[in-house]
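Notes for the one structure printed next.
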Amino acid sequence: MLHPVTARTPVKKRVAVLLSISTVVAALASPVTAAPAPAPAPAALRWADCATPRYPTLQCASLTVPLDHDDPAGRRIALALTRVPHTAAASQGPLLVNPGGPGGSGRTLAGYVASALPKDVAAQYDVIGFDPRGVGRSEPVLDCGPGHFNPVRPDSVPRDARTERANLERVRSFAESCQARHADVLPYIGTVAAARDIEAVRTALGAARISYFGYSYGTYLGAVYAKLHPDRVHRLVLDSVVDPNGVWYEDNLAQDRAFDARHKAFLAWVAKHDATYRLGTGAAEVEERWYAMREAVRATPAGGKVGPAELEDTYMPGGYYDGYWPALAEAFAAYAVAGDPKPLVSAYERFGAVEPSAGNSYSVYTAVQCRDSAWPRDWNRWRADTWRTHAVAPFMTWNNAWYNAPCAFWPTESLRAPDVTNTGLPPALLLAATEDAATPFAGALSMRDKLKGSALVVEEGGGNHGVALSGNTCLDEKVAAYLRTGRAADAACPAQPAPKPAAATRAAAPSAGGAALHGMLGFRG
């Protein structure tokens, strides 16, 4: 659902990747209900300086945890951690941060959050970043299928049996490669296992309770941790909230419709600025030209790199963050009006093309989502649901289906996702934008209903994914106040203004905070 493919961008976007449950039952032989023998007490973490010019007090450490938490004496794996230490005389303890994915690296996010919070708030917390199991600098690192996203891929929309077979072969091959490379690890990759890792981090930190700040998929990870250990939660901030009722197949279908709506909002913005882009004065006219561009690159990929699947990859980030709209519109106009494919290829290389590290993030993404909950194993079900959704939301429905389709062939047995309903927590703070595409707004309402006493702060009319600490003063003040006091109440904040076309000619996006945050949250993450 929330895709963590990493693009080649100046700020290393896609560190993470669109865009996420039944009652816990004793009969379910999953880590949620297991009562294993206690693991050996972890040694105290050894923090070493790993400062950067931007984060001069950043420290790093490594923690070993059981691969299988039900076998604490068995094989162990390593988690990579970062920390910005508290500086106040009185500390509120650790604040763990997670950028989503699944598959997103959280080590850099610690420095960002510590620097973005008001100084008096950051001073009260040890802000802890971490790479979840299988990710980044944690060990072992998953990488199932190098080259899986190399251009030019088959058209994502399977208009004939040959194209469908080609796409099916790609995703089946990825699942088989993951089994061949990581059969010993795959059964132990999932949200529940990651949540139990968080508890191991808490223990190693020597903290009676921890606070948690998660974006996107990180909201679901935080809710699962809170379900397992409600008495260990001090503060809980969930930004851009996954719908816990749809994990994960149904959430992806809902995401498809929301992304189509957000793409239409982008096209309407282009029409509003026809004086700059010359693509039409009405949204329908601009949309027709966008799909004409898609047909053109289907016949002849732009620069030999950008076919229809790559074009969708390029424009999908606009659904995550409208600060990218000017650059995307500029590339669209250059191709459709001036007949110049070079800016479109540059936009693909900036927003759509993947770095080698994306093999890791996407591998963890699939390993987590395919393991977390049941997926249809009958391809006829996928085909019918995807065509039905494509009929009303054609922008990225098939692209997203192929992104998740390895789950139709995944080698490990799926678990049953736990019900995160929780009556034992202190008040939690949820944040959501009403037009968010990656985690549609209904998910925040569902999560609020499940977390007793929680409060929801809504960015009215906002469409960006990941809204706190990205330049909206109203939202940021709500987060800071909550972290200070633990008190939260439902509230509404206005959205930030839409970008202006002139921003396309500058290196910085309209909101420096928004650009920096979305560089870490990534696209599809």
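We count residues from 1, following the sequence as given. This is a predicted model, so every value here is computed, not measured.
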Donor-acceptor pair, side chain of [X] and main chain of [Y], under 3.5 angstrom:
X: D131; Y: G106; answer: yes
X: N404; Y: N400; answer: yes
X: T421; Y: K450; answer: no
X: R371; Y: E413; answer: yes
X: T219; Y: S216; answer: yes
X: E310; Y: R153; answer: yes
X: T397; Y: P394; answer: no
X: W47; Y: R83; answer: no
X: T386; Y: W382; answer: yes
X: N422; Y: A226; answer: yes

Once you round to the nearest 0.5 Å, how far does [atom1] of [X] lie from [atom2] of [Y]?
X: Q92; Y: S211; atom1: CD; atom2: OG; answer: 6.5 Å
X: D184; Y: Q179; atom1: CG; atom2: CD; answer: 9.5 Å
X: S363; Y: R181; atom1: OG; atom2: CZ; answer: 8.0 Å
X: D126; Y: L95; atom1: CG; atom2: CG; answer: 9.5 Å

Sub-6.0 Å ring centroid separation between F149 and F174: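 Ring centres of F174 and F149 not closer than 6.0 Å.
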Sub-6.0 Å ring centroid separation between Y215 and Y217: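 No, ring centres 6.0 Å or more apart.
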Salt bridge present between E199 and R196 (N-O < 4.0 angstrom):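 Salt bridge flag = no for R196 with E199.
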Lys/Arg N to Asp/Glu carboxylate O, K227 vs D419, below 4.0 Å: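 Salt bridge between K227 and D419, a charged N being under 4.0 Å from a carboxylate O: no.
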Closest approach of S446 to N245 (non-hydrogen atoms, all atoms of both residues):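 For S446 versus N245, the nearest heavy atoms are OG-ND2, 3.4 Å.
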Nearest heavy-atom neighbours spanning P132 and G104: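 The answer is CD-O, 3.6 Å.
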Can you label the angle between the [X] ring and the [Y] ring as parallel, tilted or perpendicular, going by 30° and 60°?
X: Y249; Y: W375; value: perpendicular
X: Y324; Y: Y321; value: perpendicular
X: H148; Y: Y362; value: parallel
X: H263; Y: F395; value: parallel

Counting only heavy atoms from other residues, nucleotides and ligands, does the tally under 6.0 Å from [atom1] of [X] exceed 12?
X: R159; atom1: CZ; value: yes
X: R377; atom1: CZ; value: yes
X: R137; atom1: CZ; value: no

CA sep, side-chain torsions, deciding dist, call: S156, E312, side chain to side chain donor-acceptor pair (under 3.5 Å): CA-CA 9 Å; S156 59; E312 291 160 347; 2.7 Å; yes
Going by atom types only, do [X] and [Y] share a side-chain donor-acceptor pair under 3.5 Å?
X: T439; Y: D436; value: yes
X: D160; Y: T163; value: yes
X: E164; Y: W379; value: yes

Audit row: R448, D490, salt bridge (charged side-chain N to carboxylate O under 4.0 Å, His left out) steps and yes/no: CA-CA 10 Å; R448 183 182 61 175; D490 290 347; 3.1 Å; yes
Check against side chain to side chain donor-acceptor pair (under 3.5 Å), H390 and D256: CA-CA 8 Å; H390 174 87; D256 297 338; over 6 Å; no
Given L469, L429, V127, the one that forms side chain to side chain contact (heavy atoms under 4.5 Å, CB included) with F213: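 Answer after filtering L469, L429, V127: L469.
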Working for salt bridge (charged side-chain N to carboxylate O under 4.0 Å, His left out), residues D385 and R388: CA-CA 5 Å; D385 288 345; R388 187 181 304 112; 2.8 Å; yes
Check against salt bridge (charged side-chain N to carboxylate O under 4.0 Å, His left out), D71 and R76: CA-CA 10 Å; D71 181 18; R76 301 183 72 79; over 6 Å; no
